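Comments concern the structure below.
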Amino acid sequence: QLQSSSLPNDIKVEEAIKLFAVENHVKYSKKEYKELYKKFSLEENLQKRYKQLSTGQKRRVHLLIAILHDPEIVILDEPTAGLDIEGKDKLYNVIKELMEQGKTFLISSHDMQEVEKLCDRVAFVLDGKIVKIEDMNSNTHQNENTVICVKMHKAASNDQKKFSFGEFIEHDNGYDEYRCTSIISFLKEFIDSPITDDNEIQDIFIRKSSIEKELVDLIKGDEQ
């Protein structure tokens with residue numbers, strides 16, 4: 001599915017689907033496609049012309065055409081570009097359902113929230129080259145991107161900021177930030193350390209670094 005389609009403006013939705021079914025040697029039957037149309041929320045739009053569809057409806061038509069021949073791998077280029085929140089959500093649901101059926105998706109996208117919602121593995125591309133591959137479900141990824149932010153009543157000394165399960169990063173807006181290898185182990189070590197002696201914890205929260213921040217950091221590193 002390309003970012004933009006070259007479907008004729010006056011072609012009807014069902015005509016376009018029949019056309020690509022013939023091209024991909026797929027037998028077309030409106031009755032057999034009923035559930036598929038329902039899944040893509042296109043039942044009421046089959047006789048509409050392509051130019052009459054909203055951007056979200058067009059995207060769903062494109063995706064349906066892309067999977068007509070039941071491919072094992074589906075390649076999507078900026079699948080939700082130009083969609084509003086509701087349109088994105090509908091398309092995400094369809095893609096996730098197809099993933100659950102065992103299909104593999106290769107998605108090219110500048111929308112990092114989209115990447116985080118849909119992808120298991122992410123390849124960062126700069127100047128046409130893959131500079132990093134990230135497994136979103138790996139323990140390494142989870143740990144590298146976990147930061148614990150703590151606000152204390154009194155500022156801690158540098159000696160008090162040394163931990164086996166956490167590395168002090170910076171002091172920002174009243175919070176000491178630590179990158180940790182294990183949330184539970186770090187919190188236990190932190191609470192039992194001299195840093196909390198006669199020093200009240202005023203606030204604490206866990207922050208997950210985003211894929212977008214990782215990409216920005218890579219770009220900055222490349223520029224340097």
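Note that the numbering runs from 1 along the sequence shown for the chain. Values below: all heavy atoms of this structure, side chains included; hydrogens, waters and symmetry mates excluded. Note that this is a predicted model, so its numbers are computed, not measured.
Using a cut-off of 4.0 Å between Lys/Arg side-chain N and Asp/Glu carboxylate O, Lys96 and Glu100 are scored as not salt-bridged. The pair Glu134-Lys132 counts as a salt bridge, with a side-chain nitrogen and a carboxylate oxygen less than 4.0 angstrom apart. A salt bridge links Asp111 with Lys88; the closest basic N to acidic carboxylate O contact falls under 4.0 Å.
Residues Val61 and Leu53 form a side-chain contact, since some pair of their non-hydrogen atoms from C-beta on lies under 4.5 Å apart. In this structure, Pro79 and Leu91 have side chains that are in contact, with non-hydrogen atoms separated by less than 4.5 Å.
For Leu2 against Arg59, the heavy-atom pair with the smallest separation is O-NH1, 4.1 Å. Contact between Phe190 and Met152 at its shortest, heavy atoms only, is CZ-SD, 3.9 Å. Here the closest heavy-atom approach between residue Glu114 and residue Ser109 is recorded as OE2-OG, 2.9 Å. Glu14 and Tyr28 get closest at one heavy-atom pair: OE2-OH, 2.6 Å. Nearest heavy-atom pair across Thr55 and Ala81 is CG2-O, 4.2 Å. In this structure, Glu189 and Phe165 approach most closely via the heavy-atom pair OE1-N, 3.0 Å.
Remark: the backbone N or O of Leu98 is not paired with any side-chain donor or acceptor of Gln101 at under 3.5 angstrom. No side-chain donor-acceptor contact under 3.5 Å links Asn45 to the backbone of Lys48. Not a single donor-acceptor pair under 3.5 Å links the side chain of Glu177 to the backbone N or O of Asp172. Checked by atom type and distance alone, the side chain of Gln160 pairs as donor or acceptor with a backbone atom of Ser157 at under 3.5 Å. When atom types are taken as modelled, the side chain of Ser54 and the backbone of Gln57 share a donor-acceptor pair closer than 3.5 angstrom. The backbone N or O of Ile191 lies less than 3.5 Å from a partner atom in the side chain of Thr196, making a donor-acceptor pair. At least one donor-acceptor pair closer than 3.5 Å links the side chain of Asn199 to the backbone N or O of Lys154. With Asn93 contributing its side chain and Asp89 its backbone, the two residues share a donor-acceptor pair below 3.5 Å. Listed for the Lys103 side chain is a donor-acceptor partner under 3.5 Å among the backbone atoms of Pro71. With Glu167 contributing its side chain and Cys180 its backbone, the two residues share no donor-acceptor pair below 3.5 Å.
Separation of atoms CD (Glu43) and NZ (Lys30) is listed at 11.0 Å; rounding is to 0.5 Å. Atom NZ in Lys39 sits 8.5 Å away from atom CD in Glu35 (nearest 0.5 Å). From Leu64, atom CG reaches atom OH of Tyr33 across 7.5 Å, with rounding to the nearest 0.5 Å. Put simply, CE on Met99 and CZ on Phe105 are 5.5 Å apart, with the number rounded to the nearest 0.5 Å. Note that OH of Tyr50 is 5.0 Å distant from CG of Leu7, once rounded to the nearest 0.5 Å. Rounding to the nearest 0.5 Å places CZ of Arg179 at 12.0 Å from CZ of Phe186.
Under a hydrophobic-cluster definition in which Ile, Leu, Val, Met, Phe, Trp and Tyr are linked whenever side-chain heavy atoms come within less than 4.5 Å, directly or via other members, Ile201 and Ile183 are assigned to the same cluster. No continuous path of ILVMFWY side-chain contacts below 4.5 Å connects Leu106 to Ile95, so the two sit in separate hydrophobic clusters. When the side chains of ILVMFWY residues are joined at heavy-atom separations under 4.5 Å, either directly or via intervening members, Met112 and Leu118 end up in two distinct hydrophobic clusters. Residue Ile65 is grouped with residue Leu36 when hydrophobic side chains (ILVMFWY) are merged at heavy-atom distances under 4.5 angstrom, including chains of intermediate members. The hydrophobic clustering, which links ILVMFWY residues whose side-chain heavy atoms are closer than 4.5 Å, places Tyr178 and Ile206 together.
Residues Tyr175 and Phe205 place their aromatic rings such that the two centres sit under 6.0 Å apart.
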